[in-house]
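To start, the structure under review is shown below, and the notes come after it.
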Amino acid sequence: MAEKENIQLPEASNFIEQIINEELAAGKFQSVGNKIHVRFPPEPNGYLHIGHVKALLINFGVKEKYHGEINLRMDDTNPAKESYEYVDAIVKSLEWLGLKYDRLVFASDYYDKLYEIAEKYIMDGNAYVCDLSAEEITATRGTLTEPGTPSPYRERSVEENLKLFREMKAGVYPDGAKVLRAKIDMSSPNINMRDPVIYRIAHVPHYRQGDKWCIYPMYDFAHPISDAIEGITHSLCSLEFENHRPLYDWVIEKAGFPAPVPRQIEFARLNITNTLMSKRYLKKLVDEGVVRGWDDPRMPTLAGLKNRGVPPEALKKFVTDVGVAKAYAVVNAAQLDSCVRDYLNENAGRAMAVVDPLKLTITNYQGEEELSFEINPLKPESGTRNIKFTGTVYIGRDDFALVPPPKYKRLTVGGTVRLKGAYIVRCDEAVQDENGNVTELKCTYFPESRSGSDLPCAVKAKGVIQWVDAKYGVDAEFRQYEQLLKDEQYPDQDYAERLNYDSEHIFEGKAEPCLAEAEEDKPFQLLRTGYYKKCTQGGRLILSEIVSLKDSFNK
RNA sequence: UGGGGCGUCGCCAAGCGGUAAGGCAACGGACUCUGACUCCGUCAUUCGGGUGUUCAAAUCACUUCGCCCCAGCCA
């Protein structure tokens, strides 16, 4: 007898790793060299969204921790919904997140093997061809409290079943005429065990297999076997598959795979407040043209988040912080925002911009000069940028108040404020139009207050505001939003209600025109998105966020 | 109503019989040429409720209440 190897077990950081540690300690995987093997199995029927990041990180986390392997498997067993567009999008999303899998595999590559196992089931008396219609199967399945009734075709002979199944494969029957069912227990309290369908007829070409097949395996059959074929040790999935676990185990057992056999472990999926996390609805938004595509910045897809300017590192931090458990949970979107801000604060360069510009003219200033700003104050090594200053600038309308609220730190008539990186100015007059709207501010500046100068300066300013030079600033463009702005194509609440969810989060905010400081004669983009809003505190923009958004659009 | 799960601070979440980590949010205060950041401080005598076992329970047992999932030829 071989001695049990002494394996170094890493500290478990969640209940899944705890289970793996126990199994490892019990020697369950000795025959496979204690190699842990997991997989991430999306169906290529849509883009990955933020919810998938949880499954992704749990699986990749296990792979890393145990120095195991991970397959990216396209769970493509329903040809009606799948395509290469989605395969590509999924692969790209993983790249964006920086997750490297060991191999890309397709469930559709196992169709032959799957078929072979199905025939074995028939020969072993574990499956039969059923002629009942879909409605009849539903009707005879029983209810939650009543057992189902056996199909009249349940006791067909092995020979007949085999003949019929081969005819199904050969295309003798139309869609829906027959199915292959697992022969388990029609009175099981677990409805999934009441002779589930494992193969259906569908005369639909497959995006990879073409017309080769007209019968396709169901998830409950294909998934466990795919896992077993690949030597997966742990099949991690979300809670809604808990009821399928007995079937998962049954399918593998009857297929006769040798131990160690894959084990399914479920965890709670990720939910975020006001965020739609269903591929089905997201696809609907795309199909109906409510959004401009799966990568629309308002979408919670990874492609959309990327376009919104969310750094992948922030996403990973967020999902890791949220943890892994089995309790149903809805995480506050504020927690994601916090991760984004946190990362951006640390890494993003800074620039000034104003939304809703208000002209500020310094009446005693002449000429122009260049001022220097740090690109990222937190990272001195990132260098500086130079901004021209001509004495006529635009400031944000929010940074001036005719009637200042209590504790207001910005500009008021007669008050002073510092133009960030430049001078302190005093507002002498607020020019108003016939309606009383402020159209321009006439100010006086104090030369000795120049930023960084050692001159003694008597004037003090309680606030610091951003500005954009009137001559050198540029109109920021909204590359992503310009069309939306033009068409006023905003999904409305009615639409959201029809879809039965709250759209506030993905649709909040519209793009607004703004002015931005010029940078290498390339205007930068400013988006009025969720993050923009979240990054507004007390009416002030946090510049780092804006610049990062810009970067993400300069593809 | 059958079966399967889950209930620890406003939102997540550690805890695994020895006397409630952490993050987000919130609230005070310091600092600040980003009202940001940073920094300091506050924030569960209590773990859905009840009853037991024990010297000792969020952790064990029993019971009760609440929520989620399952009746696709979707995954």
Side-chain angles (χ1 to χ4, degrees), chain A residues 13-15 18 41-43 45 75-78 80-81 107 130 132-135 137-148 175-181 187-194 196-202 215-216 218-220 222-223 237-246 266 268 270-271 273 279-280 317-318 320-339 341-342 345-346 350 352 373 377-378 407-410 417-422 424 449 451-452 461-466 535-545:
Chain A
S13 55
N14 57 246
F15 76 96
Q18 237 171 62
E43 182 187 11
N45 67 345
D75 225 351
D76 52 359
T77 54
N78 184 359
K81 296 181 173 180
C130 181
L132 255 27
S133 69
E135 298 70 44
I137 287 180
T138 300
T140 53
R141 187 150 26 221
T143 67
L144 295 178
T145 52
E146 298 157 329
D175 290 3
K178 289 178 176 10
V179 291
L180 184 69
R181 291 228 253 168
S187 57
S188 169
N190 182 341
I191 294 181
N192 294 302
M193 299 297 269
R194 320 240 261 230
V197 172
I198 58 177
Y199 259 97
R200 78 283 216 177
I201 300 171
I215 57 172
Y216 293 93
M218 299 287 290
Y219 165 86
D220 280 316
H223 198 88
C237 62
S238 49
L239 247 28
E240 65 262 36
F241 292 104
E242 270 182 319
N243 297 323
H244 294 244
R245 198 190 324 134
E266 311 84 8
L270 175 65
N271 293 292
T273 53
K279 257 197 238 174
R280 191 177 146 236
K317 169 79 161 43
F318 167 68
T320 303
D321 283 359
V322 157
V324 184
K326 291 192 77 168
Y328 174 83
V330 183
V331 183
N332 258 320
Q335 194 155 350
L336 205 209
D337 298 330
S338 166
C339 291
R341 275 189 254 114
D342 208 42
N345 181 48
E346 196 56 47
R350 318 282 145 120
M352 296 192 290
F373 294 79
L378 261 36
K407 293 189 177 173
Y408 193 67
K409 292 171 68 172
R410 291 164 271 166
V417 76
R418 174 176 290 281
L419 296 178
K420 183 176 169 61
I424 290 177
S449 70
S451 191
K462 49 193 183 302
V464 182
I465 63 175
Q466 299 175 46
C535 295
T536 300
Q537 304 275 344
R540 312 299 304 283
L541 284 176
I542 295 172
L543 305 172
S544 57
E545 321 275 342

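By convention in this document, chain letters (A, B, ...) are assigned in the order of the sequence lines, proteins followed by strands, and residues within each chain are numbered from 1.
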Minimum-distance nucleotide (side-chain atoms of Val330(A) versus C12(B), A75(B), C73(B)):
C12(B)
So for Ser338(A) and C24(B), does any side-chain atom that can act as donor or acceptor lie under 3.5 Å from a complementary atom in the base?
no
Output the single nucleotide from A14(B), A75(B), A25(B) whose closest atom is nearest the side chain of Ala325(A).
A14(B)
Return the nucleotide paired to U46(B): Watson-Crick means purine N1 to pyrimidine N3 with N6-O4 or O6-N4, wobble means G-U with N1-O2 and O6-N3, both under 3.5 Å.
none
What's touching nucleotides 2-8 of chain B from the protein side, N or O pairs under 3.5 Å?
residue	atom	partner	partner atom	Å
G2(B)	N9	Leu144(A)	O	3.1
G2(B)	N2	Pro189(A)	O	3.2
G2(B)	N3	Leu144(A)	O	3.0
G3(B)	N2	Asn243(A)	OD1	3.1
G3(B)	N2	Asn243(A)	ND2	3.2
G5(B)	O2'	Glu242(A)	OE1	3.2
G5(B)	O2'	Glu242(A)	OE2	3.4

Interatomic distance, Asn332(A) CG vs C9(B) C1' [rounded to whole Å]
14 Å
Tell me: NZ of Lys178(A) to P of C73(B), nearest whole Å?
17 Å
Side chains of Val331(A) and Leu270(A): closer than 4.5 Å at any heavy-atom pair?
yes
Reckon Lys279(A) touches a base, only the sugar-phosphate, or nothing at all at heavy-atom distances under 4.0 Å?
nothing
Find the partner of U53(B): check Watson-Crick (N1-N3 plus N6-O4 or O6-N4) and G-U wobble (N1-O2, O6-N3) distances, both under 3.5 Å, and reply none if neither fits.
none
Between C1' of G72(B) and CG of Asn78(A), the distance in whole Å:
10 Å
Taking the nucleotide of RNA chain B with the nearest heavy atom to each, does Thr138(A) or Phe241(A) sit closer to the 5' end?
Thr138(A)
Of all the choices, C73(B), U32(B), G23(B), which nucleotide is nearest to the side chain of Ile137(A) once you look at every atom?
C73(B)
Residue pair Ser451(A) / Arg418(A), side-chain heavy-atom distance below 4.5 Å
yes
Which whole number of Å gives the distance between the C1' atom of A36(B) and that of G50(B)?
50 Å
When the P atoms of C65(B) and G28(B) are considered, how many whole Å apart are they?
43 Å
Who is the Watson-Crick or G-U wobble partner of A14(B), with both distances under 3.5 Å?
none
Do Lys279(A) and Asn45(A) touch side chain to side chain, with heavy atoms closer than 4.5 Å?
yes
Between C16(B) and C11(B), how far apart are the C1' atoms? Round to whole Å, please.
25 Å
Output the rounded distance in Å from CZ (Arg141(A)) to P (A71(B)).
8 Å
In whole Å, I'd like the distance from the NZ atom of Lys317(A) to the P atom of G22(B).
15 Å
5′-ward residue of the pair Phe15(A)/Leu132(A) relative to RNA chain B
Phe15(A)
Does Leu378(A) have any side chain to side chain contact (heavy atoms under 4.5 Å, CB included) partners at least two apart in sequence or in another chain, and if so, which?
Asn345(A), Glu346(A), Arg350(A), Asn376(A)
Is Arg341(A) near enough to U38(B) that one of its side-chain N or O atoms lies under 4.0 angstrom from OP1 or OP2?
no
Does G28(B) have a Watson-Crick or wobble partner in any strand here, with both distances under 3.5 angstrom, and which is it?
C40(B)
Atom CG of Asp76(A) and atom P of C74(B): how far apart are they, to the nearest Å?
15 Å
Watson-Crick/G-U partner (both atom distances under 3.5 Å) of G7(B):
C65(B)
Would you indicate which nucleotide in C73(B), C24(B), U38(B) comes nearest to any side-chain atom of Gln335(A)?
C24(B)
Glu146(A) to Arg194(A) - nearest heavy-atom pair and separation:
O-NH2, 2.9 Å
Are OP1 or OP2 of C74(B) and a side-chain N or O of Arg200(A) less than 4.0 angstrom apart?
yes
Can you tell me how far P in G3(B) sits from the matching atom in G10(B), rounded to whole Å?
34 Å
Please walk me through it: do Ser338(A) and Gln335(A) pass side-chain hydrogen bond (donor to acceptor under 3.5 Å, both in side chains)?
CA-CA 5 Å; Ser338(A) 166; Gln335(A) 194 155 350; over 6 Å; no
I'd like the P distance from A75(B) over to C37(B), given in whole Å.
47 Å
Can you name the nearest heavy-atom pair linking Tyr216(A) to Ala202(A), along with the distance?
CE1-O, 3.3 Å
Write down the distance between NZ (Lys81(A)) and P (G72(B)), rounded to a whole number of angstrom.
14 Å
For Thr273(A) and C11(B), is the shortest distance between a side-chain N/O and OP1 or OP2 below 4.0 Å?
no
Identify the nucleotide, in any strand shown, that forms a Watson-Crick or G-U wobble pair with G2(B), with both distances under 3.5 Å; if there is none, say none.
C70(B)
Base, sugar-phosphate, or nothing: which does Glu346(A) touch, judged by heavy atoms less than 4.0 Å apart?
nothing
Smallest separation among heavy atoms of Gly463(A) and Val417(A), with atom names
O-CG2, 3.4 Å
What nucleic acid atoms does Gly176(A) come within less than 4.0 Å of, heavy atoms only: base, sugar-phosphate, or nothing?
base
Does Gly452(A) reach a base, just sugar-phosphate, or nothing at all? Heavy atoms under 4.0 Å.
base
Between G17(B) and C55(B), how far apart are the two C1' atoms, rounded to whole Å?
12 Å
side-chain N/O Thr77(A) vs C74(B) OP1/OP2, d < 4.0 Å:
no
Check every strand shown and say whether Pro147(A) touches a base, only sugar-phosphate, or nothing at a heavy-atom separation below 4.0 Å.
nothing
Which heavy atom of Arg410(A) sits nearest a heavy atom of Lys462(A), and at what distance?
O-NZ, 4.3 Å
With a 4.0 Å cut-off on heavy atoms, is Ala329(A) in touch with a base, just the backbone sugar-phosphate, or nothing at all?
sugar-phosphate
Arg194(A) CZ to G72(B) P: how many Å, rounded?
11 Å
Quote, to the nearest angstrom, the C1' distance that separates U8(B) from C67(B).
16 Å
Distance check, P atoms only: G23(B) and A14(B), in whole angstrom units.
15 Å
What does Val179(A) touch in the nucleic acid at a heavy-atom separation under 4.0 angstrom: a base, only the sugar-phosphate, or nothing?
base
Can a donor-acceptor pair be found between the side chains of Thr138(A) and Glu135(A) at a distance below 3.5 Å?
no
Under 4.0 Å, counting only non-hydrogen atoms across every strand here, what does His223(A) touch: a base, just sugar-phosphate, or nothing?
nothing
For the side chain of Lys420(A), counting heavy atoms from C-beta on, which of C33(B), G23(B), C74(B) is nearest?
C33(B)
Heavy atoms, side chains only, cut-off 4.5 Å: are Arg181(A) and Met218(A) in contact?
no
